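Keep in mind that what you see is a predicted model, and the values were worked out from it rather than measured. Order of the sequence lines fixes the chain letters, A, B, ..., with proteins taken first and strands second; residue numbering starts at 1 for each chain.
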4 protein chains.
Amino acid sequence: MSIYQHIKQSAYDANMELPKLGLVLFTFGNVSAADRSLGVFAIKPSGVPYENLTPDMMVIVDFDGKTVQGDLRPSSDTKTHAVLYKHWEQINGIVHTHSTYATAWAQAQRDIPIFGTTHADHNTVDIPCAPPMSDAMIVGDYEYQTGFQIMDHFTEKGLDYQEVEMVLVGNHAPFTWGKTPEKAVYNSAVLETVAKMALLTEQVRKDTPRLQDSLIKKHYERKHGPDSYYGQ
Amino acid sequence: MSIYQHIKQSAYDANMELPKLGLVLFTFGNVSAADRSLGVFAIKPSGVPYENLTPDMMVIVDFDGKTVQGDLRPSSDTKTHAVLYKHWEQINGIVHTHSTYATAWAQAQRDIPIFGTTHADHNTVDIPCAPPMSDAMIVGDYEYQTGFQIMDHFTEKGLDYQEVEMVLVGNHAPFTWGKTPEKAVYNSAVLETVAKMALLTEQVRKDTPRLQDSLIKKHYERKHGPDSYYGQ
Amino acid sequence: MSIYQHIKQSAYDANMELPKLGLVLFTFGNVSAADRSLGVFAIKPSGVPYENLTPDMMVIVDFDGKTVQGDLRPSSDTKTHAVLYKHWEQINGIVHTHSTYATAWAQAQRDIPIFGTTHADHNTVDIPCAPPMSDAMIVGDYEYQTGFQIMDHFTEKGLDYQEVEMVLVGNHAPFTWGKTPEKAVYNSAVLETVAKMALLTEQVRKDTPRLQDSLIKKHYERKHGPDSYYGQ
Amino acid sequence: MSIYQHIKQSAYDANMELPKLGLVLFTFGNVSAADRSLGVFAIKPSGVPYENLTPDMMVIVDFDGKTVQGDLRPSSDTKTHAVLYKHWEQINGIVHTHSTYATAWAQAQRDIPIFGTTHADHNTVDIPCAPPMSDAMIVGDYEYQTGFQIMDHFTEKGLDYQEVEMVLVGNHAPFTWGKTPEKAVYNSAVLETVAKMALLTEQVRKDTPRLQDSLIKKHYERKHGPDSYYGQ
């Protein structure tokens, strides 16, 4: 049995959640699961339909994007995962989807405004949209540069990747992450819901104001603060 | 067997309706069931996925918000339920969700206009949206104050909680209630549908007028008046 | 065995299609099936959930709206069905729903413009929206008058109920009919789809023109004309 | 056993994907599968519900639109399929649907702008909308002319049918094709998703710009270029 079996299984399980949650059409998404003690992550093979996937098909890749084990070609977005794992040392799962509403905001190149407590339960800021990448980044090592585009945007905006576990890449689509692959998948579903609610909110009232600071703080802290009282 | 078994079962059954009706993502909702002779209610434990719930996990809480029985932490919204049960003595079930369309209206801080008979079958007035809470209420005992925000709004608008069994809390999301937990769940589904229809109606015609009084009266009374002739 | 068994079964089968087609929430809809040789129709009992329905629960009513057989109270909309059966002698099935998009157009009191061939496959005209009823009609025998509101609108607009098998009642919701209950249900699903497509079309392009006459004629006649060549 | 069994089975399988993918209501769609060595294609019979279909019901038609084998009448759109097979010699599958969002764009007579990478993964250009057909084409051999309307539009716009495997026919609905029936069905689902995302994108931001050329090229070529690295 492979020493990578646990992350293969974990990546497989998390990938299989995407179609159940309505976040992917065909193969338009991928999840990876990292083991930092081994310095690798397991990721979905490229272009394989979800109904044909097995845990053994997962490809093992190191944090420089080199395949360590596996017969199949890894997801075309593998280098983006590798870069984020390499530099953001507290995350162990990453998800990329083209979920409908989040992708619409990404294509429109807008941050998702914080309009309510559903959003504030998970983030204290607008969900950031990194600007479209420059021609130089695109014609270069594109997927590798996508990772840097995300990290540079977080640095520029002063965001902490351990607090804000999601981003839109302008013109493209969302990425989410977390301490576990399950949490990263959870974040993808939350993002899609918040994206849909935000569009509907602007349709109900064009000039809806952003949430007041006290309510942002309250909802975020009851789930995530030192005195949190949500969950068990 | 617990003397609370009947409300644990009732709260469990009602909670399990929420995902079936498409009203919740993950754990974003909760239902409670009260027994007024015992002075308590059963409520969903906080943050437990619906697929893992059992009737025995329900937490028994009194109308001051104190846990009476149960090993798990009750829903973070428990105090809002407690306040409403304490002051609105004819209700025995309360539901809170972040259902998509109702939440969009809540975030936009607008009452839902009464545009048709689907609405009038259930309410004779616009569905009220309580204003966002003040900073003082939020930093204080937030969930407790949420209950008062709802009740104060009903008082100010001259609304009767036995006639209007639903409210939007501005910036947040809907609450519904009823004589039974089943009725409260029913009201949550009706609210979500009416909220969606109202947005679509404004999209079909921006200046759609509110319903005329005679039709409001007719539809409401055929379901709820002394001479009602809907149902068995 | 009842001499009405065939229409009870037929009405039951047709009613059960409504939730499968996503056209109803809870009990917000009803279908009837007529036997003109017996001068009666079978209709859903009022307010009974679809999952509890059986063919035997269907209520037998004559074309003046009088119950002929059955222990349960018939649908509150029964008199509308009776009036339409009495005056439109070629129809044997009627459906009423509050399906979401069709109801939005009804609430907005707009005819649904004929924008494409999906519409023209079924109708050569905009789908008519009868104006909201007068206060006098509403406070009088409301459901009976609803039938007349529909028929009067058809007369005024010069529409033929055998060609146009659907209508929106302003402020209320759609009614559809047909030579059989199955056809009437089919029409309800078509109407909901056409209503959704028409709203989306206006959102894609606000000033979308109505379909040209030649294409309306072509599509309608290939399904319904003397030289039709659609179907078997 | 028929010498056409393989394309009957292939056409049947591909047709049955349409309801699973949510692309058709009732019988509003059809798929065909060609065998170029035999000079024929198998196509869905007209107006037969998907739940009643069997592989043996598929009708065998030649590239001039003449039925070669089969007891049922072929799809009313058969001549459009025949014309495309006759002139576009590299395709072996064609799909026609009235899927909701793609049809809305067709009714609005607009090309779908290329707003993001989901689109660029499949096409480097806006998805073309052929103009509504002239009265002369419509009153003539309508379905035959529909094929020419599509091909003429490709010629006029300088599009290559092997690169752009989808089109909207103005006022009508989408057609897609591909080297196999499976690929043609895949294209129909992609088109519907891209059409929905594009409308939502314009709703999030009215003046969203089209995608920059470098990103279009990058995404298209990683799936389709000589150095593609997507899939296995």
Carboxylate-amine/guanidinium proximity below 4.0 Å for [X] and [Y]:
| X | Y | result |
| --- | --- | --- |
| A/D126 | A/R210 | yes |
| A/D77 | D/R222 | yes |
| D/E165 | D/K179 | no |

Can you tell me which portion of [X] sits under 4.5 Å from chain D's heavy atoms? Options are side chain, backbone, both or neither.
| X | value |
| --- | --- |
| A/T27 | both |
| A/L199 | side chain |
| A/R73 | both |
| A/M133 | backbone |
| A/V48 | side chain |

Engaged part of [X] at the chain A interface, taking heavy atoms whose separation is under 4.5 Å:
| X | result |
| --- | --- |
| D/H119 | neither |
| D/T208 | side chain |
| D/T118 | both |

field: Side-chain donor or acceptor of D/W177 paired with backbone N/O of D/Y161 under 3.5 Å
entry: yes
field: D/H172 side chain vs D/L168 backbone, donor-acceptor pair below 3.5 Å
entry: no
message: Over 60° means perpendicular and under 30° means parallel, so tell me whether A/H87 and A/F148 are parallel, tilted or perpendicular.
response: perpendicular
message: Please verify the inter-ring angle class for D/H96 with D/F175; under 30° counts as parallel, over 60° as perpendicular, anything in between as tilted.
response: parallel
statement: Greatest number of non-hydrogen atom pairs under 4.5 angstrom with chain A, of D/E202, D/Q203, D/K223, D/K196, falls to D/Q203
- request: Determine the option with the most heavy-atom pairs under 4.5 angstrom with chain A, choosing from D/L215, D/L21, D/D121.
  value: D/L215
